Trainee: 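Please find one structure pasted underneath; my questions will follow.
Worth knowing before you read on, the calculation uses all heavy atoms, side chains too, and leaves out hydrogens, waters and symmetry mates. These numbers were taken from a predicted model, which means no experiment stands behind them. Lettering of chains follows the sequences in order, A, B, ..., and the numbering in each one begins at 1.
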Number of protein chains: 2
Amino acid sequence: MSSTKNEQVLRDALEANGQRFTEQRAAVFGFLASTDTHPTADEVFLAVRRDLPAISLATVYKSLETLVGCGLAVKLTYADQSARYDGRTDPHHHARCISCGRVLDLLGDVSRHEIDGLHSPEGGFTVTGYRLELSGYCADCVPAGSDAPAA
Amino acid sequence: MSSTKNEQVLRDALEANGQRFTEQRAAVFGFLASTDTHPTADEVFLAVRRDLPAISLATVYKSLETLVGCGLAVKLTYADQSARYDGRTDPHHHARCISCGRVLDLLGDVSRHEIDGLHSPEGGFTVTGYRLELSGYCADCVPAGSDAPAA
DNA sequence: ATCCTTGCAAAGCATTTGCAGTCAC
DNA sequence: GTGACTGCAAATGCTTTGCAAGGAT
C-alpha cells in the first residue's frame, strides 16, 4: 500500500472529524500503519523523531488521541501502566507475552454465539463490543518443558 | 460465609507465601470479599479507613499487591488509568459500562475450543490464560431506542 | 484572517519507594 | 529478638494541560 493512499485516508478521516492535516499526524499515522508491534506512545515518539526531529512527546500523545478519535487506531491498556496503540482497524484480538511484554495479533475470532452466552446476573447489559486477550509466552520466551497448547 | 473463615483463608494463603498476617491486610481482604463492585485502590482505601482510620494509601496498595501475589485477588486494568481489584478467584469475565464505568461480573464462559481456534501468525504462542471483557451499557445507562442484544 | 495545532514546560494523577518506627512470629 | 510491615513523605513514570508562536484552510 502506498503512503500516498494512506495519506488520503488520513486526510479524509481528519476532515470528517473537523480536524486538520499536519505532518506530525501523518508521521504518527504512517508509523502505526507500518508496524504490527503495538508500540507505546514513547516508542512512537522515538520512531517518529527520526523523520521529524523537532516533534514533541506531547504532540505524539495528542496525535495518537486524534487518530483514536477518528477511528484510525485503537488504544490498548495494560497492567504495567503503559498504553499501546494499534494501527489495525479490522476486528482482531491480541496475545500478550507475560515474559517480554510483546503484543501479537491473533487471527480468527470467537463466535457471536459464545459472546451471547454470557450473562450478567443483574441482566440488561447492552453489548456494543468486546475484547479478548490471551496471556502466555511468545515463541521466544517459552519456558523449556512446557506442554501447554499453542495458538 | 463467616469472617472467621475468611480470615483463616487469608492466614493460610499468606503463610504459604511466607508473609505475615496483619489487620491491614485482613481489612483489605475482607472488604474485597464483601463487595462485587471491583473497587479501585482509592475506593478500597476509603472503605477500609472506616475500620482502620490510620491506614495509609501506600499500605492499601501494598496489601492489594500482596493479595494478588497470593492469588486471593485479581487486578484489572482499564484505559482510564485506574486499576481495579476483584476479590473473586473463580474464573469469570467482566462487562464494563461505557457510560458510568461500572464493572459487572458475567456468568458463563467461552469454550476452550474457541480459544484454541485463535492463531498467532508467527505461531508458537503458549497460552496460559485469557481475559474477555464486554463493553456496552449497563441497565441504568442504556440509551433509549437501542436494540442491541443484551447479556 | 481565522482558529486549529505545535512545542515547551509545568502540572496532574495513580502508583511506587525509602526509611525509621512498630509489630508479628 | 529478628525480620517483615506500616505509615509518612518524597519520588517516579505516564499522560495531560496552559499558553504563546506557528501553520492549515
Side-chain angles (χ1 to χ4, degrees), chain A residues 7-8 10-29 38-49 51-70 72-85 101, chain B residues 7-8 10-29 31 38-49 51-70 72-85 101 103:
Chain A
E7 180 178 314
Q8 196 55 49
L10 176 58
R11 285 187 181 274
D12 291 347
L14 287 171
E15 185 174 4
N17 287 270
Q19 310 203 71
R20 292 174 182 173
F21 177 90
T22 66
E23 59 180 355
Q24 289 87 347
R25 286 170 177 175
V28 170
F29 179 61
H38 310 82
T40 61
D42 198 63
E43 288 165 352
V44 174
F45 172 59
L46 293 175
V48 165
R49 198 161 53 168
D51 295 316
L52 299 175
I55 197 172
S56 77
L57 180 57
T59 298
V60 170
Y61 273 103
K62 290 169 185 166
S63 297
L64 286 168
E65 282 311 307
T66 299
L67 294 179
V68 171
C70 293
L72 295 175
V74 175
K75 187 177 185 175
L76 310 171
T77 312
Y78 296 103
D80 60 7
Q81 64 175 25
S82 63
R84 289 173 177 274
Y85 293 85
Chain B
E7 181 178 314
Q8 194 56 48
L10 175 58
R11 283 186 182 276
D12 291 347
L14 287 171
E15 185 175 4
N17 286 272
Q19 310 204 69
R20 294 175 181 174
F21 176 90
T22 67
E23 59 180 355
Q24 288 86 350
R25 286 171 177 177
V28 169
F29 179 61
F31 176 66
H38 310 81
T40 62
D42 198 64
E43 288 165 351
V44 174
F45 172 59
L46 294 175
V48 166
R49 198 161 55 168
D51 294 315
L52 299 175
I55 198 173
S56 77
L57 181 56
T59 297
V60 170
Y61 274 103
K62 289 169 186 168
S63 297
L64 286 168
E65 282 311 307
T66 299
L67 293 179
V68 171
C70 293
L72 296 175
V74 175
K75 186 177 186 175
L76 311 171
T77 312
Y78 296 104
D80 59 8
Q81 65 175 24
S82 64
R84 290 175 177 271
Y85 292 85
V103 177

Trainee: Checking the side chain of A:Glu43 only, and the main-chain atoms of A:Thr40 only, is there a donor and an acceptor separated by less than 3.5 Å?
Mentor: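 Confirmed, A:Glu43 side chain pairs with A:Thr40 backbone.
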
Trainee: For A:Ser63 and for B:Glu23, locate the closest nucleotide of DNA chain C by heavy-atom distance; then report the residue assigned to the nucleotide nearer the 5' terminus.
Mentor: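 Nearest-nucleotide comparison on DNA chain C picks A:Ser63.
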
Trainee: Rounded to whole Å, how long is the line connecting atom CD of B:Gln24 with atom P of C:dT22?
Mentor: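 Distance check: B:Gln24 CD to C:dT22 P gives 14 Å.
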
Trainee: Give me the atom names and distance for the closest heavy-atom approach of B:Gln19 to B:Cys70.
Mentor: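 Smallest heavy-atom distance, with atoms named: NE2-SG, 4.2 Å.
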
Trainee: Contact class for A:Thr22 (heavy atom, under 4.0 Å): base, sugar-phosphate, or nothing?
Mentor: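 Here A:Thr22 touches the backbone only, sparing every base.
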
Trainee: The side chain of B:Arg20 is closest to which nucleotide in this list: D:dT17, D:dT2, C:dC3?
Mentor: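 Comparing D:dT17, D:dT2, C:dC3 against the side chain of B:Arg20, the answer is D:dT2.
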
Trainee: Whether B:Ser56 contacts D:dC8 is assessed here as follows: a side-chain N or O lying under 4.0 Å from the phosphate OP1 or OP2. Is that the case?
Mentor: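 Looking at the OP1 and OP2 atoms of D:dC8, neither is under 4.0 Å from any side-chain N or O of B:Ser56.
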
Trainee: CZ of A:Phe45 versus C1' of D:dC14: gap in Å, rounded?
Mentor: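 Distance check: A:Phe45 CZ to D:dC14 C1' gives 14 Å.
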
Trainee: Expressed in angstrom and rounded to an integer, what is the separation of A:Tyr61 atom OH from C:dC13 atom P?
Mentor: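 In whole Å, C:dC13 P and A:Tyr61 OH are 16 Å from each other.
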
Trainee: Expressed in angstrom and rounded to an integer, what is the separation of A:Leu57 atom CG from C:dC8 atom P?
Mentor: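 Rounded to the whole Å, the gap is 11 Å.
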
Trainee: To the nearest Å, how far apart are B:Leu52 CG and C:dT22 C1'?
Mentor: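 The distance from CG of B:Leu52 to C1' of C:dT22 comes to 15 Å, rounded to the nearest Å.
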
Trainee: Tell me the interatomic distance from B:Lys62, atom NZ, to C:dA14, atom C1', rounded to whole angstroms.
Mentor: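 Taking atom C1' of C:dA14 as the reference, NZ of B:Lys62 is at 15 Å.
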
Trainee: Could you state the CZ-C1' distance from A:Arg84 to D:dG13, rounded to the nearest angstrom?
Mentor: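 Taking CZ of A:Arg84 and C1' of D:dG13, I get 15 Å after rounding.
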
Trainee: Using heavy atoms to find the nearest nucleotide of DNA chain C for B:Phe21 and B:Tyr85 separately, return the residue whose nucleotide is more 5′.
Mentor: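 Result: B:Tyr85.
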
Trainee: Please report the interatomic distance CG(B:Leu10) to CD(B:Glu15), rounded to the nearest 0.5 Å.
Mentor: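 It is 11.5 Å, given to the nearest 0.5 Å.
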
Trainee: Rounded to the Å, how far apart are A:Arg25 CZ and D:dG23 P?
Mentor: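 The answer, rounded to whole Å, is 15 Å.
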
Trainee: Does A:Lys75 form a side-chain contact (heavy atoms from CB on, under 4.5 Å) with A:Leu64? I'd like the steps, not just the answer.
Mentor: CA-CA 9 Å; A:Lys75 187 177 185 175; A:Leu64 286 168; over 6 Å; no

